[in-house]
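Labels below follow one simple rule: chain letters A, B, ... track the order of the sequence lines, proteins then strands, and each chain is numbered from 1. Just so it is clear, the model here is predicted, and its values are computed rather than measured.
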There are 2 protein chains.
Amino acid sequence: MRKLSVTVDIVLLTIRDRQLQLLLIKRSATPFANRYALPGGFVKESESLDAAAVRELREETGVDKVYLEQLYTFGDPRRDPRGRVITVAYYALVPHTQSLRAGSDASDAAWFPVTRLPSLAFDHRKIVEYAHLRIRNKLDYTNVGFELLPAKFTLTDLQLVHEAILGETLDKRNFRKRITQKAIVKPVEEWAQTGRRPAQLYRFSDSD
Amino acid sequence: MRKLSVTVDIVLLTIRDRQLQLLLIKRSATPFANRYALPGGFVKESESLDAAAVRELREETGVDKVYLEQLYTFGDPRRDPRGRVITVAYYALVPHTQSLRAGSDASDAAWFPVTRLPSLAFDHRKIVEYAHLRIRNKLDYTNVGFELLPAKFTLTDLQLVHEAILGETLDKRNFRKRITQKAIVKPVEEWAQTGRRPAQLYRFSDSD
DNA sequence: ACAAAAGTGTTCCATATACACCCATGT
DNA sequence: ACATGGGTGTATATGGAACACTTTTGT
């Protein structure tokens with residue numbers, strides 16, 4: 001009987017250039033050498049699945065504080081030509097401000113817009129599509145958008161995040177009304193200095 | 001290194017006595033001998049996760065045609081005292097009309113209301129809670145309720161399913177308005193003969 | 001002065017909610 | 001006749017969608 005392995009793969013998402021982008025790593029080893037793949041790796045004997053995802057993300061991308069959520073488990077017996085490998089997929093969200101100090105085994109990492117992906121290794125394309133679908137749905141009924149922004153942000157920043165995820169433009173007045181009357185955000189006593197006219201900065205208002 | 005195993009466990013739900021109930025099987029083997037557990041078992045080398053769930057459900061409960069959806073993967077390294085066992089949890093929905101011919105290795109199967117569970121083996125209680133949460137949410141934005149009914153049903157039947165899942169009573173007129181104007185159901189040329197006054201039978205209207 | 005993004009209200013429509021009585025059938 | 005569940009409409013409240021102009025700043 002072939003050896004059974006379990007891996008975690010992570011769809012790491014951020015907003016760059018007003019687009020939803022994800023991090024891919026170019027494989028050097030076979031199979032799928034020189035193809036891009038999701039960051040991820042084998043689950044160790046004594047670690048939980050979540051811990052494995054956090055560790056792989058740190059090792060391969062240098063990303064540390066991150067929103068992480070389990071997505072789906074892919075277990076087609078032929079998804080990996082090397083043998084039976086079941087993968088537990090996660091998605092992760094980081095503000096673009098987080099710097100990437102790519103680890104030693106991830107020298108060839110790059111961001112790609114979710115709408116313009118290169119050819120991917122394994123069934124990773126399917127995993128990415130699933131992650132994209134999930135975050136679009138989740139935006140409707142959660143505050144998941146904040147995970148992609150720094151602690152202080154303008155309402156325009158937040159709107160751009162929503163637009164990038166949904167792939168459509170939103171009405172400014174309706175958007176601001178919705179956000180403010182849900183009391184999801186609180187203004188802070190600061191104004192953004194970028195661009196022309198200073199904009200009110202806000203923060204996510206979970207605590208008070 | 002300990003051997004790594006992957007199992008599937010299935011939360012099989014139905015409506016009985018106007019309550020959401022699930023099927024549990026009394027374990028005979030150690031660990032957790034004589035405790036109730038979810039139907040499930042090891043994933044075979046050459047079968048997909050979905051196929052394993054279908055197979056285990058058939059073997060252990062005799063249930064065949066069934067709505068099945070992957071729920072979440074539980075991988076705490078200490079969730080099974082025998083070693084490292086990662087389980088991919090599913091939930092399944094069947095009309096109560098489906099008969100159970102419990103298989104040889106499931107002689108001690110019984111239905112329990114989700115709100116009144118016995119002490120369960122492993123982390124199965126957590127899995128059940130997760131399934132209950134998922135189906136309640138899913139009811140809002142899908143037609144998942146039909147999976148718990150036979151092909152032809154009355155609107156009262158459907159309302160009872162919703163009430164059982166949500167755990168609250170619903171207004172009859174509002175419920176019927178919502179269901180009928182979404183064109184989710186179609187009347188058939190038949191009337192239920194049970195009880196006092198015959199009720200219009202409907203069917204789910206996916207096709208046409 | 002002009003360019004660029006910030007900020008701000010009202011109207012309309014669709015959907016959800018609250019609420020009570022008559023009807024058809026079997027016993 | 002009565003008990004049981006089947007069936008029906010209206011008024012109100014709430015949330016989403018459409019829609020355009022003025023303000024503030026830097027150059």
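Looking at heavy-atom distances under 4.0 Å, A:T156 makes contact with sugar-phosphate atoms alone, never a base.
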| request: Carefully, step by step, assess A:L201 and A:W191 under the rule side-chain contact (heavy atoms from CB on, under 4.5 Å). | output: CA-CA 5 Å; A:L201 285 171; A:W191 281 263; 5.8 Å; no
| said: For a side-chain contact (heavy atoms from CB on, under 4.5 Å) check, start with the C-alpha distance between A:R18 and A:E163, then their side-chain angles and the critical distance, and finish with the verdict. | reply: CA-CA 8 Å; A:R18 303 190 169 188; A:E163 289 178 342; over 6 Å; no
| What do the steps show when you test B:R35 against B:L120 for side-chain contact (heavy atoms from CB on, under 4.5 Å), and what is the final call? | CA-CA 6 Å; B:R35 284 260 216 132; B:L120 299 187; 5.8 Å; no
| How far apart are the C-alpha atoms of A:R84 and B:V43, what are their side-chain angles, what is the distance that settles it, and do they pass the side-chain contact (heavy atoms from CB on, under 4.5 Å) test? | CA-CA 11 Å; A:R84 185 71 201 262; B:V43 175; 3.9 Å; yes
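Comparing A:R196 and B:K177 against DNA chain D, the residue whose closest nucleotide sits nearer the 5' end is B:K177. Each of A:Q181 and B:D171 was matched to the nucleotide of DNA chain D holding its nearest heavy atom; the match closer to the 5' end belongs to B:D171. Two residues, A:W191 and B:P198, neighbour DNA chain C, and the one matched to the more 5' nucleotide by heavy-atom proximity is A:W191.
Using cut-offs of 30° and 60° for the angle between ring planes, the A:F146 and A:F204 rings count as parallel. Ring geometry for A:Y91 against A:Y67 counts as tilted: the plane angle lies between 30° and 60°, on a 0 to 90° scale.
The distance from atom CZ of B:R197 to atom C1' of C:dT27 is 17 Å, rounded to the nearest whole Å. One can place CD of B:E168 at 15 Å from C1' of C:dA18, the figure rounded to the nearest angstrom. In this structure, CZ of B:R176 is placed 18 Å from P of C:dA16, rounded to the nearest angstrom. Between A:L160 atom CG and C:dA6 atom C1' the separation is 13 Å, expressed in whole Å. In this structure, CG of A:L170 is placed 17 Å from P of C:dA5, rounded to the nearest angstrom. Spacing between atom CZ of B:R173 and atom P of C:dA20 amounts to 8 Å, rounded to whole angstrom units. The interatomic distance linking A:K172 (NZ) with C:dA4 (C1') rounds to 10 Å, in whole Å. For the pair A:Q200 CD and C:dG7 C1', the interatomic distance rounds to 11 Å; values are reported in whole Å.
The six-membered or imidazole ring of A:F112 lies near that of A:Y36, with a centre-to-centre distance under 6.0 Å.
Taking a heavy-atom distance under 4.0 Å as the criterion, the stretch of DNA chain D touched by chain A extends 5' to 3' from D:dA17 to D:dT27.
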